[in-house]
Amino acid sequence: MNRGLTTLDEAVAGFAAGGEPAAGNHADAAERLCAAGYAVLSAAELAALCGLGAQACDQAAAYWNALPPDSYLKDGGHYRSRRHASYIHKLRAAAGENELALAPHRAHYQPTTYNALHGGMLRWYAPLDAGLLALPCMAALLLGLGRLFAQLRPQRQWFVEAHQFRIDTHEGIGRPTPEGAHRDGVDFVAVILVQRHGIRGGETRVFQADGPHGVRFTLEQPWSALLMDDSRVIHESTPILPTDPTQPGWRDTLVLTWRAGGFLEPGQG
């Protein structure tokens, strides 16, 4: 995509006319999202936002070591493994009602208008491991971010999808976003870096959906995050390569999406 890019340190208010830069400690995440349609949070910022301790998520990383292969890749690659779960977050839960509930396991669906490569089909992935689901940090991340997004777009409830991804380099190259720059067809997206091991590349790029400006940066700190208003920006990540071709390399992420009005289903787009 032929759009002007700047580094994250050079991201200026021009990305969103009159707004503030979308990174830095001078403004909270909601203000940054309002200003630019995206915000980058350090691990400490994400933890504080979700009421977590500094190492609260560390034990979750082990659950990325046993992800089943993604059998739906259409580019012929075998570089992606993943699991999937769905939740309903009731922002106005009644007395005695669960605020966050795991939805019955379902297929992941995107229309081709949002994912030209893998859209238009029901993709059934293995569910998230029960041990990961039970970790307090998972509920804290989902609830904390869901409440943040409701400040920008008030809702009675969110329909949330959680995706565990491992992109590896055992074939020489791994593609975090084989579909290219895209929107997800939801309201908000959070891309949380779990870990990088033995790789280079994996640069994140965020573009205005209806303008010429964009930024590029690399998430490197475990449990740092990129938050996006999916109606205002499109995003992609560049391929990863091994730093040592004789050793395995991978990039693990937790991608969370929030949508009002229901999960994406066939016939929607």
Side-chain angles (χ1 to χ4, degrees), residues 8-9 22-33 38-67 81-87 89 98-102 126-151 158 160-169 174 176 188-204 217-228 237 240 243 247-258:
L8 184 62
D9 287 340
N25 295 323
H26 63 281
D28 67 21
E31 290 172 339
R32 285 180 258 165
L33 275 166
Y38 79 101
V40 179
L41 274 60
S42 68
E45 287 181 292
L46 180 64
L49 174 68
C50 298
L52 291 166
Q55 283 80 46
C57 294
D58 289 356
Q59 61 184 315
Y63 289 96
W64 269 256
N65 293 328
L67 301 184
S81 303
R82 67 192 293 182
R83 290 181 182 269
H84 171 248
S86 302
Y87 294 84
H89 178 186
N98 287 334
E99 186 178 6
L100 182 69
L102 184 68
L128 268 59
D129 188 280
L132 178 62
L133 293 173
L135 290 179
C137 66
M138 281 294 294
L141 289 170
L142 292 164
L143 291 169
L145 289 169
R147 292 167 186 151
L148 169 72
F149 297 140
Q151 294 178 37
W158 289 123
V160 188
E161 293 191 60
H163 305 264
Q164 279 181 281
F165 286 101
R166 170 166 287 185
I167 308 299
D168 66 54
T169 62
F188 295 98
V189 179
V191 179
I192 301 172
L193 179 72
V194 177
Q195 63 174 329
R196 293 168 57 98
H197 175 81
I199 61 168
R200 56 189 174 90
E203 179 184 76
T204 297
F217 52 91
T218 301
L219 290 174
E220 295 184 328
Q221 182 188 30
W223 304 105
S224 58
L226 165 66
L227 312 183
M228 292 175 286
S237 294
I240 61 171
T243 53
Q247 298 296 320
W250 61 82
R251 178 179 185 261
D252 292 347
T253 55
L254 175 63
V255 177
L256 307 171
T257 65
W258 286 259

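FYI, side chains are in, hydrogens and waters are out, and symmetry mates aren't considered; it's all heavy atoms of this structure.
- Counting heavy atoms from C-beta outward, E161 and H163 have side chains that approach closer than 4.5 Å.
- Under the 4.5 Å side-chain criterion, counting only non-hydrogen atoms from C-beta, L227 is not in contact with R32.
- Distance alone, capped at 3.5 Å, is enough to place a donor-acceptor pair between the R196 side chain and the G201 backbone.
- Side-chain contact check for T204 versus V191: every heavy-atom pair is 4.5 Å or farther apart.
- Here the side chains of C57 and L52 are in contact, with some heavy-atom distance below 4.5 Å.
- In this structure a side-chain-to-backbone donor-acceptor pair under 3.5 Å is missing from R251 to L193.
- At least one side-chain heavy atom of R166 sits less than 4.5 Å from a side-chain heavy atom of N65.
- Proximity of a side-chain donor or acceptor of R82 to a complementary backbone N or O of Q164 within less than 3.5 Å is not detected.
- A distance-only check finds a donor-acceptor pair linking the side chain of T169 to the backbone of G249 [under 3.5 Å].
- Residues L254 and W64 are in side-chain contact: their nearest non-hydrogen atoms beyond the backbone lie under 4.5 Å apart.
- Using a 4.5 Å heavy-atom cutoff, the side chains of V194 and W223 are in contact.
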Checklist entry - Between V40 and L219, is a side chain to side chain contact (heavy atoms under 4.5 Å, CB included) present by the stated rule, with each step listed? => result CA-CA 9 Å; V40 179; L219 290 174; 4.2 Å; yes
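- Classified by interplanar angle (parallel below 30°, tilted 30° to 60°, perpendicular above 60°), the ring pair W250/H197 is parallel.
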Side-chain polar contacts of residues 128-148 - donor-acceptor pairs under 3.5 angstrom, sequence neighbours left out - could you list them?
| unit_1 | atom_1 | unit_2 | atom_2 | d |
| --- | --- | --- | --- | --- |
| D129 | OD1 | G131 | N | 2.7 |
| R147 | NE | E99 | OE2 | 3.4 |
| R147 | NH2 | E99 | OE1 | 2.9 |
| R147 | NH2 | E99 | OE2 | 3.2 |

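- Under the 30°/60° scheme for interplanar angles, the aromatic rings of F217 and Y38 are found to lie parallel.
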